[in-house]
There are 2 protein chains.
Amino acid sequence: MNKLTGDVKGKRVAMVCGVPMDVENCPVRDVMDNIGGKWNSLMILSLADGPLRFSGLRRLIPDISQRMLTQTLRDLQRDGYISRTVFPTQPPSVEYALTDLGRSLLELLKHFVDWSLANHAAIRTARDTYDGAP
Amino acid sequence: MNKLTGDVKGKRVAMVCGVPMDVENCPVRDVMDNIGGKWNSLMILSLADGPLRFSGLRRLIPDISQRMLTQTLRDLQRDGYISRTVFPTQPPSVEYALTDLGRSLLELLKHFVDWSLANHAAIRTARDTYDGAP
DNA sequence: AGAGCAACTCTCAAAAAGAGACCTACAATC
DNA sequence: GATTGTAGGTCTCTTTTTGAGAGTTGCTCT
């Protein structure tokens with residue numbers, strides 16, 4: 001019997017790092033989907049230094065389409081990572097900022113940034129080796 | 001002038017957390033693409049307790065297609081996170097295991113698992129609030 | 001002899017992402 | 001006073017990714 005499986009409510013289910021990886025309703029997958037999206041974590045990192053407006057974010061991440069920018073912001077807002085505030089100027093301006101939850105996640109993401117910088121060279125080397133050997 | 005931009009080799013570029021977010025050749029994006037894929041980090045977590053074979057991984061992550069399993073394993077192998085060892089049994093069996101680099105990343109991912117468990121309730125609440133207010 | 005496993009690959013359909021046009025309303029420029 | 005620009009989007013169309021599932025090769029077990 002595999003130590004990597006367990007029972008949750010009578011249902012046989014995979015366990016990863018002690019967490020039941022039930023396909024639906026798995027906390028880890030839920031969060032991973034958020035940080036896992038192509039733009040999501042980049043967006044949170046971009047708001048690290050303070051609130052930004054729609055067009056400010058576009059300038060900061062020049063290769064995101066408006067469509068994906070809108071959608072990513074909505075997704076992150078929905079899950080409580082960022083807030084959206086409309087100021088009644090003419091034309092209205094909309095400011096996006098990290099919430100407490102978002103700042104909490106940001107702390108984790110910063111470790112990733114550090115790790116990336118420290119290990120980038122090793123990854124590039126591995127990749128070149130792999131690609132070089134047909 | 002925005003503190004969020006800087007110059008890299010004479011090219012104006014966005015800065016995030018002090019890191020130049022040059023669209024190509026950005027270390028952070030490079031790593032984020034790896035942990036960011038839908039299955040990538042789940043795969044690394046799945047190998048946390050020891051090496052597994054192709055079919056073992058399928059059982060552990062029942063909702064991944066064979067196609068994506070193959071591709072995810074190749075990607076992670078290419079970037080040096082996992083190793084692939086073929087044993088000359090009949091039929092040959094193939095074992096996937098974390099490398100040192102993979103185990104190093106795993107330590108970071110474990111923090112995510114912890115964070116997910118701690119904050120999952122808050123995310124669900126935020127989501128329900130957002131969805132409940134049309 | 002027939003079924004099953006292991007580790008894939010291949011094809012086709014569905015879903016997600018990207019490109020880019022379009023929209024409303026105001027402000028500044030020529 | 002006509003054009004151009006900005007802000008914060010939406011809409012449509014095309015391309016790229018994913019997913020579902022059948023097929024493959026060779027051996028083993030019943």
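Each chain gets a letter, A, B and so on, in the order the sequences are listed, and its residues count up from 1. Below, all heavy atoms of this structure are taken into account, side chains as well, without hydrogens, waters or symmetry copies.
Contact check for A:Trp39 versus A:Leu73: no side-chain heavy atoms found under the 4.5 Å cut-off.
Within residues 72-86 of chain A, no residue has any heavy atom under 4.0 Å from DNA chain C.
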Using atom names, set out every protein N or O paired with an N or O of nucleotides 16-18 of chain D below 3.5 Å, distance rounded to 0.1 Å.
none

request  = Classify every nucleotide of nucleotides 22-30 of chain D by which part a protein heavy atom approaches to under 4.0 Å, writing B for the base, S for the sugar-phosphate alone and - for neither, in 5'-to-3' order.
outcome  = B---BS---

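Applying the side chain to side chain donor-acceptor pair (under 3.5 Å) criterion to A:His111, with sequence neighbours excluded, gives no partner residue. Taking A:Phe112 as the reference, B:Phe112 meet the ring pair (Phe, Tyr, Trp, His ring centres under 6.0 Å) condition, with sequence neighbours excluded. Judged as a side chain to side chain donor-acceptor pair (under 3.5 Å), and not counting sequence neighbours, the contacts of A:Ser104 are B:Trp115. For A:Arg103, the salt bridge (Lys or Arg N to Asp or Glu O under 4.0 Å) partners are A:Asp100, not counting sequence neighbours. Residues meeting the side chain to side chain donor-acceptor pair (under 3.5 Å) test with A:Ser93, sequence neighbours left out: A:Thr89. Every residue two or more places apart in sequence or in another chain was checked for a salt bridge (Lys or Arg N to Asp or Glu O under 4.0 Å) with B:Glu95, and none qualifies.
Interface limits on DNA chain C: the 5'-most and 3'-most nucleotides within less than 4.0 Å of chain B heavy atoms are C:dA6 to C:dT11.
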List the atom pairs, with distances to 0.1 Å, where a side-chain N or O of residues 76-87 of chain B and a protein N or O form a donor-acceptor pair under 3.5 Å, not counting sequence neighbours.
from	atom 1	to	atom 2	distance (Å)
B:Arg78	NE	A:Asp131	OD1	2.9
B:Arg78	NE	A:Asp131	OD2	3.4
B:Arg78	NH2	A:Asp131	OD2	2.7
B:Asp79	OD1	A:Arg127	NE	2.8
B:Asp79	OD2	A:Arg127	NH2	2.9
B:Asp79	OD2	B:Asn34	ND2	3.2
B:Tyr81	OH	B:Asn34	OD1	3.4
B:Ser83	OG	B:Ala97	O	3.4
B:Arg84	NE	B:Tyr96	OH	3.2

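The stretch residues 65-76 of chain A participates, sequence neighbours left out, in no salt bridge (Lys or Arg N to Asp or Glu O under 4.0 Å) pair at all.
Shown here for A:Ile44 and A:Gly102, the closest heavy-atom pair between the two residues is CG2-O, 4.1 Å.
One finds a side-chain N or O of A:Tyr96 lying less than 4.0 angstrom from the OP1 or OP2 phosphate oxygen of D:dG9.
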